Each structure stands twice: as structure tokens, then as C-alpha cells.
There are 2 protein chains.
Amino acid sequence: MVSRVLNGKVPVESEKVERIHTAIAELQFVPRTAARVLASRKTNTIGLILSEIDGAFFPHMLKGIEAESRAGGYELLIHSTQGAYPNQNKPLGEHNTDGILVFPSSLDLIELRRLYAIGFPVVLMHQSPPDELSIPVITIENKDGTLMLINHLIEKHARRRIVFMRGPDEHEDSQWRERGYREALELHNIPFDPDLIVMGGFDEEQACSTIQQILKDGVEFDAVFTGGDDAVIGVYRALNDFGRLIPDNVAVVRFDDIHFARYISPALTTIRAPTEEVGRKAVQQLIHLIRGESIEFISLHPVELIIRNSCGCN
Amino acid sequence: MVSRVLNGKVPVESEKVERIHTAIAELQFVPRTAARVLASRKTNTIGLILSEIDGAFFPHMLKGIEAESRAGGYELLIHSTQGAYPNQNKPLGEHNTDGILVFPSSLDLIELRRLYAIGFPVVLMHQSPPDELSIPVITIENKDGTLMLINHLIEKHARRRIVFMRGPDEHEDSQWRERGYREALELHNIPFDPDLIVMGGFDEEQACSTIQQILKDGVEFDAVFTGGDDAVIGVYRALNDFGRLIPDNVAVVRFDDIHFARYISPALTTIRAPTEEVGRKAVQQLIHLIRGESIEFISLHPVELIIRNSCGCN
DNA sequence: CTGAAAGCGCTTACAG
DNA sequence: CTGAAAGCGCTTACAG
């Protein structure tokens with residue numbers, strides 16, 4: 001009876017409803033989640049698994065995920081693997097959640113296949129599934145964003161020798177960005193030069209020494225595209241050390257519109273992604289999956305070009 | 001039997017152990033968390049409740065909390081209240097966690113008292129409990145940190161008219177900082193001037209207009225102390241607009257060593273707090289409480305003075 | 001060391 | 001609309 005009142009799915013006589021409500025208030029009754037979960041076979045919980053709690057985008061993403069989970073009536077369980085794939089003990093899965101959001105490098109393929117095989121709801125963030133698994137993916141327009149950025153450098157600032165700092169190979173976002181870069185060159189009949197593709201898109205020190213190296217090697221370039229973290233700071237430093245002016249001699253752009261982009265000098269031209277929105281959308285899709293409703297298998301969020309000064313504008 | 005092997009608390013014949021292990025592997029058996037929780041009356045889960053997922057400190061704090069929870073064998077359930085106190089439905093409590101970490105403005109006093117009354121483990125972050133509740137608190141040396149910062153301005157840079165930008169009243173950190181400010185003045189026999197205490201320590205626009213106002217009002221000052229978020233950017237802007245040089249005319253310092261502190265110009269002198277460590281410590285204390293072990297009721301983490309250029313050094 | 005059973009605290013058909 | 005009962009899937013005394 002109490003259960004029926006609490007859940008409100010079955011009609012109950014209103015006088016009884018009231019008496020139960022006052023009793024609940026008096027006794028300060030709080031239903032045990034575990035008993036509910038066990039009996040109903042639903043955890044009402046969404047899991048979030050990622051490799052590392054890090055990066056400037058993270059709070060915004062989490063905010064979207066948390067808000068949307070709560071709005072949908074789900075709790076949020078978070079697990080970070082800290083680089084070690086948890087193959088033996090499963091932190092998040094059918095035993096404690098109704099579905100999970102999976103960030104890159106946090107779940108091995110065996111476990112992903114197992115979850116898929118048992119029909120457990122999974123949504124992938126910023127990574128594609130293996131071909132034979134139709135698991136929904138949420139990501140952003142990495143290719144288009146980079147295309148916009150590189151087009152801008154070429155069309156507005158007449159740059160033609162643009163260094164592309166690539167991220168780690170397993171970073172799928174970075175691969176799409178490289179395709180955008182190549183497309184932009186093709187579009188303007190600029191020959192692709194492998195010397196301009198360098199490693200180190202995701203770390204300040206690495207980015208700095210990479211740029212120093214190509215400057216020493218005498219590689220000619222008039223612009224640099226960078227990726228995550230503080231790589232762009234390393235680039236600024238290396239260029240300053242060699243007396244190259246930004247943006248006069250070398251334009252610099254960055255993909256993610258990180259917080260300090262407005263504040264460093266010259267202010268960075270970037271691509272801004274709707275990070276919180278991406279998080280929300282991921283949870284929405286996951287909830288649809290859980291409910292057995294239809295979903296989009298790929299949701300690619302549009303990004304925005306944020307023009308400041310490092311490209312040469314203003 | 002299976003249960004005994006899984007939990008390993010009771011000795012079991014080794015041949016049997018092996019057979020059970022292989023069976024578990026073959027069947028891909030994963031024990032239901034809910035059944036375990038219900039039977040054992042332990043959730044093995046730590047709850048984190050906060051008002052808003054935001055702020056530059058957040059990822060570091062969460063990283064510490066998550067890592068330490070996992071290390072202790074606990075899951076992490078996160079709930080943000082988004083400003084609305086959840087008085088009716090209890091998101092986190094004895095029904096779904098073994099203990100909770102409570103950030104400011106996320107749990108009302110009634111619920112805090114209720115949890116205390118039933119002996120439910122709670123650790124407060126950056127806020128003191130009401131006098132009659134002995135609930136452990138984890139925070140940082142706000143007073144000492146500010147003292148160090150103001151002492152530095154007075155002793156190394158001969159500043160005597162230091163504007164203190166205060167945060168919201170309910171922000172306990174900010175109150176301690178103000179005490180540190182006052183102590184530093186007293187220490188050097190500098191009279192306290194209420195005109196130098198202004199609102200707006202936690203927002204760029206507010207900070208900017210506040211400084212513009214006191215400049216218009218002709219208030220004399222040679223330094224500014226700021227608090228959270230991007231207030232310091234607003235201060236820089238206002239001073240630039242009025243042609244005041246930083247740090248020559250006005251030194252500027254900030255409490256938290258936010259990410260962009262190194263990158264803006266002039267680079268900010270700040271106080272750095274061991275944020276991840278604070279998160280870890282909070283979880284450690286909570287686990288001690290859960291296990292009924294003895295704990296420190298107040299753990300005040302030391303902070304560090306990070307000298308850059310905005311104070312006038314170098 | 002182990003088997004059989006009770007019990008954790010709910011939800012949910014089922015019969016009325 | 002409602003009462004009584006089974007059952008969710010584990011853990012944990014209990015007796016041996």
C-alpha cells in the first residue's frame with residue numbers, strides 16, 4: 001500500500017493517501033534504494049566511465065550530464081579508471097546501472113562487446129564503436145570546425161604554410177581534425193606538406209619543443225593549429241623565444257575555446273564546442289535507449305568559430 | 001558458498017574455490033549490487049552533494065574525491081542541487097550511501113540535523129557546522145593564506161591602502177579571508193578603512209564596475225585583493241580603463257591559483273591550495289567515520305604563496 | 001569448512 | 001480500489 005502511494009502508478013483512495021503521507025512525514029521514512037532496485041529490477045542510475053577526471057572541458061560536460069540525469073530521474077555514478085582498464089572487476093555495468101556513458105580509453109573492447117551482446121544500454125562519447133556494433137555516438141563537428149578555422153586562416157589572412165599539431169593517434173577527435181585540415185588545403189589547392197604535420201597537440205612542453213625544433217630545422221610556416229590542454233601556450237613561448245611575432249609572422253589558432261583563450265595575449269581565435277549540451281544530449285540518448293525508444297546513432301554537435309586576435313583579425 | 005568465495009572473509013576449501021572461479025568466468029557472472037547492499041546493509045557508496053558543478057577548483061577536487069573513494073572500495077554518487085535545496089525528496093542519504101560529503105549551500109540545516117541525529121556519517125567541506133553538531137570539517141587555511149598575501153604586499157611592496165574584495169556573506173571561506181586581511185593590517189599598524197572593503201569578489205563584471213566606482217569616487221588605493229572566478233579580470237580591465245598601471249600604481253593579488261594566473265599579463269601572484277589533496281582527505285575522514293574510527297574534527301590544509309608579477313615582484 | 005534457511009525492504013502480479 | 005504473498009538476489013548467523 002505504502003509502495004503504491006509512493007510510486008503513484010496505481011489509484012489509491014485519497015483519504016488513505018493522506019494518512020500514509022502524514023505517517024511518512026512523522027516517521028521520516030526514506031525508502032531503501034537497494035530494496036527498491038532489487039524488487040523493481042531497475043537501478044534508476046546512469047553510470048559515467050572515463051579514464052581521467054581532467055581537462056578544461058570536463059566540468060561543463062559533467063554539469064550537462066548531471067543536470068540531465070537528475071531531470072530524467074536518474075542518479076549518477078562516476079568512475080574514473082586512471083589509465084588502467086578494469087577488466088576483472090567491473091565498476092559499472094548491468095549490476096549497478098541501467099546504462100552507461102563511455103569516454104575514450106576507459107572500457108576495453110571485450111567488455112563493450114559483452115555489454116552489447118546482453119543488450120545493455122551504452123552511449124559512446126567522442127569515439128566510434130567497432131563496425132559490427134551499432135552503439136550510439138555523441139561527439140562534435142571536429143572536421144567541420146577545423147575546416148572553418150583553416151579556411152579562415154587561408155581566406156582572411158592569406159596563410160598557406162599551416163602547421164598542424166596532431167594529438168595522440170588513439171584520440172579520435174584529433175583524427176577528424178586532421179581530415180578537416182586536409183580538406184581545407186585541398187579546397188584552396190594548397191599542396192599538403194607532411195613536414196607541417198607535427199606531434200604534440202596536447203601538452204605545453206611538448207608543443208614548445210616541437211615548434212622550437214621546426215624553427216631550428218628551418219621549416220617555413222606562417223600559422224599553427226593546436227589541439228588540447230596548454231599546447232598553445234608552448235607554441236606562444238617557442239615563437240616568442242625565436243622572435244616571431246603573433247599573429248604578424250605566425251598566426252596561431254586552437255580548437256577548443258578554453259577559458260584562458262580571451263585572457264592571453266594575443267587573445268586566441270578558437271573553435272567553441274557546446275560542451276554542456278553534448279553532455280545533456282548523451283544522457284538523453286542513453287535514457288531513450290534504456291526506455292527502448294528510438295535514437296539517433298550518431299549525434300554530431302555543431303561548433304562555432306570564435307574570432308579574436310591570434311589569427312590576425314582586429 | 002559462491003558468496004563466501006566472492007567475499008573471501010570465510011575460509012573455503014581451495015578446490016571448491018577454483019571451481020567456483022571458473023564457473024563465474026564462464027557464466028560471466030556479475031553479482032547484483034542491489035541484492036548485496038540489501039542483504040549486507042552496506043551500500044559501499046559515498047555521496048557527494050554540492051550546489052553547482054562549477055569553478056576552476058572543481059575538477060581537481062573531484063579527482064581527489066573519486067580516486068580516494070575508489071581506493072577505499074567505495075562507489076561515488078554525485079548530486080548537484082542547482083541552487084534549490086532538496087528538502088522533500090532526499091537525493092543522498094542513509095537510503096543510498098554509507099556517508100556523504102557536503103559542500104556549502106547544498107543541504108539544509110534540518111536535513112543536516114536529521115542525519116546527525118541518526119548517526120549518519122557526514123563530512124562538511126569549506127563550512128562549519130552549527131555549534132551543537134560535532135561534524136568534521138575539511139577546509140583550507142583561508143585566513144593564513146590571506147595573511148601571507150597581504151603581508152607580502154605590505155612588507156615587500158610597501159602597500160598600505162589595500163582594497164579587499166569580499167565574496168557573498170554566506171561564503172565562509174571569504175569571511176576567513178577577511179579576518180586574515182584585518183590581521184595583516186593590525187600587524188603593521190595600518191588603520192582599517194571600511195571604504196576599502198568592497199563587494200564583488202566573485203564575478204568579472206561586478207568586480208569591474210566595483211573598481212570603476214571607487215576610482216570615480218576618488219578612493220585612494222595601491223593594491224587590490226580579489227577572490228573567486230574571474231573577478232581579477234574585471235579588476236585588470238577597470239584599472240586599465242582608468243590608466244592605472246599594474247603593478248606600478250596598483251598591485252593585484254588573488255586567492256586561488258587559477259589556471260590562467262600564469263598566462264595573463266602581468267602574471268598573477270596568488271595563494272595556491274592543495275585542492276586534490278583536500279578532496280582526498282575529505283574522503284579519508286568520511287571513511288574513518290563510516291568505520292567508526294577516530295577522526296580529526298577539523299582539518300585545515302596549508303596553502304602556498306605563489307609569487308609572480310602582479311604584486312610588483314620581478 | 002559447509003548446507004540450508006532466514007532475512008534484507010521493497011515491488012508487483014494475483015485474486016478479490 | 002486493496003490485501004496477502006511471492007519474489008528480487010544476495011549475505012549471514014545457525015547448526016553441524
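Hydrogens, waters and symmetry mates are skipped; everything else that's a heavy atom, side chains included, is used. Source: prediction; values computed, not measured. Numbers restart at 1 for each chain; the letters A, B, ... are given by sequence-line order, proteins then strands.
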Whole angstrom value for the distance that separates P of D/dT11 from CG of A/Leu38:
12 Å
Is the distance from OP1 or OP2 of D/dC8 to the nearest side-chain N or O of A/Arg41 less than 4.0 Å?
no
Choose from C/dG9, D/dC10, C/dT12 the nucleotide whose nearest atom is closest to any side-chain atom of B/Pro31.
D/dC10
Where the side chain of A/Ser40 is defined as all heavy atoms beyond and including C-beta, which of D/dT11, C/dT12, C/dG9 is the nearest nucleotide?
C/dT12
Once you round it to whole Å, what is the distance between P of D/dG3 and CD1 of A/Ile20?
9 Å
Can a salt bridge be assigned to the pair B/Glu52 and A/Lys63 using a cut-off of 4.0 Å between side-chain N and carboxylate O?
yes
Quick one: does A/Arg36's side chain get under 4.5 Å of A/Lys42's, heavy atoms only?
no
Salt bridge check: are A/Arg70 and A/Glu66 linked by an N-O gap of less than 4.0 Å?
yes
What is the distance, to the nearest angstrom, from the CD atom on A/Glu94 to the P atom on D/dG9?
12 Å
When the distance from CG of B/Leu27 to C1' of D/dC10 is rounded to whole Å, what number comes out?
16 Å
Give me the distance, rounded to whole Å, that separates D/dA4 from D/dC8 when you measure between the P atoms they each carry.
22 Å
How close or far is atom P of D/dG9 from atom NE2 of A/His95, stated in whole angstroms?
15 Å
Nearest whole Å is fine: how far is C/dG9 P from B/Arg32 CZ?
21 Å
Minimum-distance nucleotide to A/Ala39 side chain [options: C/dC8, D/dC10, C/dC10]:
C/dC10
Under a 4.5 Å cut-off applied to non-hydrogen side-chain atoms, are A/Leu115 and A/Ile100 in contact?
yes
